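Remarks on the structure that follows.
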Amino acid sequence: MPELPEVETVVRGLRGPLLERTFLEVEVRWARSVVTGADALRRGLPGRRVAAIDRRGKYLVFRFDDPRTLLIHLKMSGNLLVEPDHAPRDPYMHTVFQLDNGHQLRFRDPRKFGRIYLTADPATVLGQLGPEPLHDEFSADDFRALCRRRKGVLKTLLLNQEFLAGLGNIYAGEACFLAGVDPRRQISTLDDAEVERLYHAIRRTLRHGIVHRGSSLDSVYRGGEFQNHFQVYGRENQTCFTCGTNIERVMLGGRSTCFCPRCQR
DNA sequence: CTAAAATCCTGGTGGC
DNA sequence: TGCCACCAGGATTTTA
């Protein structure tokens with residue numbers, strides 16, 4: 001589930017049930033998911049009251065009245081649910097955070113790729129991330145400057161979180177379509193007009209995703225409906241909604257990438 | 001240095 | 001129906 005719009009949707013959904021709540025004990029059933037140590041999490045989290053929940057790239061950021069910060073990355077299959085203590089649990093809820101109101105924050109993650117950090121220095125985890133594409137201060141000029149000092153294949157670069165934070169395979173592909181740019185292009189070959197189209201396409205695609213509460217794909221994430229608006233993702237051999245040409249699929253940086261060979265040049 | 005491949009995991013799907 | 005290879009929203013590490 002987790003690209004920027006899905007993570008943003010999760011964050012917004014958690015604020016109501018979690019703000020002002022205090023964490024009690026933590027049950028860790030898959031220790032490797034806690035990068036900063038399961039024991040340290042079990043010792044350090046109880047008593048922390050949630051003061052703010054934010055997003056940075058694809059990370060959820062929980063702030064307390066305390067220097068320590070809880071970071072969660074959902075990776076491929078993670079989701080966060082707030083449910084009553086007695087609500088049935090399935091086998092994929094690998095970490096359960098007890099709250100002070102008879103509810104639990106449950107980290108459900110069938111593929112076990114998700115990662116949890118409790119650290120007083122979140123910059124060690126978040127510090128390498130590129131700019132937030134939706135920030136007001138992130139301008140077209142900033143994006144052009146970013147592009148001009150990089151090289152490589154466009155789509156691969158868009159997936160690099162140190163370049164720009166938050167895009168994943170779906171939204172990177174959709175943004176290339178909206179910009180009318182071939183994802184296989186070397187970034188150095190894009191002229192200024194193309195870079196500007198891409199800037200607006202990225203922001204529009206992400207905002208569009210958020211408005212629709214993200215994409216529901218397999219059984220992992222439910223709630224959003226942006227999957228009904230995909231122009232190219234997962235549409236190999238179907239016709240382009242714009243021109244009727246067959247959508248093609250290629251592998252770029254090991255990720256499958258769909259595009260319209262006529263609309264994207 | 002850079003790019004590709006392997007790795008971490010499990011579940012679902014499509015082909016035979 | 002049953003088995004198996006392959007693929008999947010991510011990102012880091014290893015290899016070439």
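As the structure is a prediction and not an experimental result, all values here were calculated from the model. Lettering of chains follows the sequences in order, A, B, ..., and the numbering in each one begins at 1.
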- Which part of the nucleic acid, if any, lies within contact of A/Thr156, taking any heavy atom under 4.0 Å across all strands shown: a base, the sugar-phosphate backbone alone, or nothing? nothing
- Message: Between B/dA6 and C/dA5, how many Å separate the two P atoms, rounded to a whole number?
- Response: 16 Å
- Query: Can you tell me how far C1' of B/dA4 sits from CG of A/Leu157, to the nearest Å?
  - Reply: 16 Å
- Message: How many whole angstroms separate atom OH of A/Tyr92 from atom C1' of B/dT10?
- Response: 7 Å
- Report, as a single string ordered 5' to 3', how protein heavy atoms within less than 4.0 Å touch nucleotides 10-16 of chain C: B base, S sugar-phosphate only, - not at all. BS-----
- Expressed in angstrom and rounded to an integer, what is the separation of A/Ile187 atom CD1 from B/dA3 atom P? 13 Å
- Message: Regarding A/Arg115, tell me which of base, sugar-phosphate or nothing describes its non-hydrogen contacts under 4.0 Å with the strands shown.
- Response: nothing
- Item | Side chain of A/Lys112 - closest among B/dT10, B/dT2, B/dG11 | B/dT10
- Query: So what stems show up for DNA chain B if we need 3 or more Watson-Crick or G-U pairs in a row, all under 3.5 Å?
  - Reply: B:2-8 with C:10-16, B:10-16 with C:2-8
- Item | ILVMFWY clustering at 4.5 Å (side-chain atoms), partners of A/Val125 | A/Val35, A/Tyr59, A/Val61, A/Leu71, A/Tyr117, A/Leu126, A/Leu129
- How many angstroms lie between CG in A/Leu206 and CD in A/Glu174, if you round to the nearest 0.5 Å? 11.0 Å
- Could you state the CD-P distance from A/Gln186 to B/dT2, rounded to the nearest angstrom? 12 Å
- B/dT10 OP1/OP2 closer than 4.0 Å to side-chain N/O of A/Ser77: no
- Atom-pair distance (CZ on A/Arg235; P on C/dA8), nearest Å: 17 Å
- Side-chain contact check for A/Arg249: nearest option of B/dT2, C/dA8, B/dC9 is C/dA8
